[in-house]
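Scroll down for the structure; my scribbles are underneath it.
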Amino acid sequence: MQLREKPPVVIDPDIEHLMKGEMLEVRDLMLDQAIALAETHSIPIVRIMIRSRVWTEDDCEDEDVVFAIDVDAQDDDRVFRYWEAVSDAMTPETAPERLRDLLDSTWILVYW
C-alpha cells in the first residue's frame with residue numbers, strides 16, 4: 001500500500017496496478033488541486049483515499065478510479081462549494097488532452 005503525507009493519501013491495494021504512467025499524472029494533478037482548493041475554501045483534509053469502483057453492465061466491466069476526500073468541516077454549503085471547485089478543476093475539458101480519457105473514468109467524492 002502506498003502512503004503519501006500532508007494530507008495522508010492512501011491508495012487501496014486493489015487499485016495499485018492502475019497507478020502507473022498517465023494515471024500518476026492524473027493522481028498528482030488531482031491531489032494538487034484538492035489540496036490547493038481546500039486551503040482556498042478553508043477546509044481541512046483528513047485524508048484522501050484512492051480506490052476503485054467497478055461497473056458491471058451488459059457483460060462489460062469497467063474499473064473507475066475514485067478519489068474519496070475526507071474533510072473536517074461542518075458547513076455543508078462550504079463543503080459543496082469545495083467539492084464543486086475540485087470537480088470543475090478536474091474535468092476533461094480543463095485537463096491536458098492526453099489525460100482526458102482517464103478523467104472520464106475518474107470520480108471525486110467528498111465526505112464530511
Side-chain angles (χ1 to χ4, degrees):
M1 178 183 315
Q2 297 177 23
L3 185 64
R4 195 172 146 175
E5 295 296 326
K6 295 185 184 178
V9 176
V10 180
I11 300 175
D12 188 311
D14 291 339
I15 203 164
E16 282 186 351
H17 69 281
L18 296 177
M19 292 293 115
K20 59 186 174 194
E22 290 176 339
M23 183 50 79
L24 290 176
E25 289 182 63
V26 169
R27 179 202 65 191
D28 291 344
L29 181 62
M30 199 293 305
L31 293 176
D32 291 345
Q33 291 294 327
I35 293 166
L37 289 166
E39 291 175 8
T40 300
H41 287 82
S42 300
I43 295 188
I45 296 176
V46 176
R47 79 172 183 163
I48 299 174
M49 175 80 170
I50 304 172
R51 58 181 174 80
S52 67
R53 180 171 188 161
V54 178
W55 299 92
T56 304
E57 187 175 303
D58 299 330
D59 298 326
C60 177
E61 214 175 81
D62 289 326
E63 189 172 30
D64 292 347
V65 176
V66 176
F67 292 90
I69 305 168
D70 293 321
V71 300
D72 183 14
Q74 303 299 318
D75 184 346
D76 292 350
D77 290 335
R78 193 164 40 130
V79 174
F80 283 122
R81 284 192 302 273
Y82 166 69
W83 190 350
E84 186 175 69
V86 175
S87 296
D88 288 348
M90 293 304 298
T91 64
E93 296 79 27
T94 61
E97 190 171 334
R98 70 184 183 286
L99 303 179
R100 290 180 181 169
D101 286 340
L102 289 172
L103 284 173
D104 278 336
S105 61
T106 301
W107 293 72
I108 299 169
L109 303 175
V110 178
Y111 298 96
W112 67 104

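The figures that follow rest on heavy atoms only: side chains count, while hydrogens, waters and symmetry mates do not.
A 4.5 Å side-chain heavy-atom check between W83 and I43 finds every atom pair outside the cut-off. You'll find the side chain of D14 stays beyond 4.5 Å of the side chain of R51, heavy atoms only. Counting heavy atoms from C-beta on, the side chains of V65 and M19 come closer than 4.5 Å.
A distance of 10.5 Å separates OG of S87 from CH2 of W107, quoted to the nearest 0.5 Å. Taken from CG in L24 to CG in L18, the straight-line distance is 10.5 Å, to the nearest 0.5 Å. Separation of atoms CD1 (I108) and CD (Q33) is listed at 9.0 Å; rounding is to 0.5 Å. Taken from CE in M90 to CG in L102, the straight-line distance is 10.0 Å, to the nearest 0.5 Å.
The nearest pair of heavy atoms linking I48 to A34 is CD1-CB, 4.3 Å.
A donor-acceptor pair is defined here as one N or O able to donate and one able to accept, closer than 3.5 Å; such a pair exists between the side chain of T40 and the backbone of A36. Panel note: side chain W112, backbone D75; no donor-acceptor pair is recorded below 3.5 Å.
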Q | Evaluation steps, side-chain contact (heavy atoms from CB on, under 4.5 Å), between T106 and M30 | A | CA-CA 10 Å; T106 301; M30 199 293 305; 5.6 Å; no
Q.
Evaluate R100 against L103 for side-chain contact (heavy atoms from CB on, under 4.5 Å), listing each step before the verdict.
A. CA-CA 5 Å; R100 290 180 181 169; L103 284 173; 5.6 Å; no
Q: Show your reasoning for whether side-chain contact (heavy atoms from CB on, under 4.5 Å) applies to V9 and R27.
A: CA-CA 10 Å; V9 176; R27 179 202 65 191; 5.5 Å; no
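Listed by first then second residue, pairs satisfying salt bridge (Lys or Arg N to Asp or Glu O under 4.0 Å) with a partner in residues 36-47 read R47-D70, not counting sequence neighbours.
Cluster membership for V46 and L31, using ILVMFWY side-chain heavy atoms within less than 4.5 angstrom, is not shared.
Put simply, the residue from I45, V86, I69 that forms a side-chain contact (heavy atoms from CB on, under 4.5 Å) with L37 is V86.
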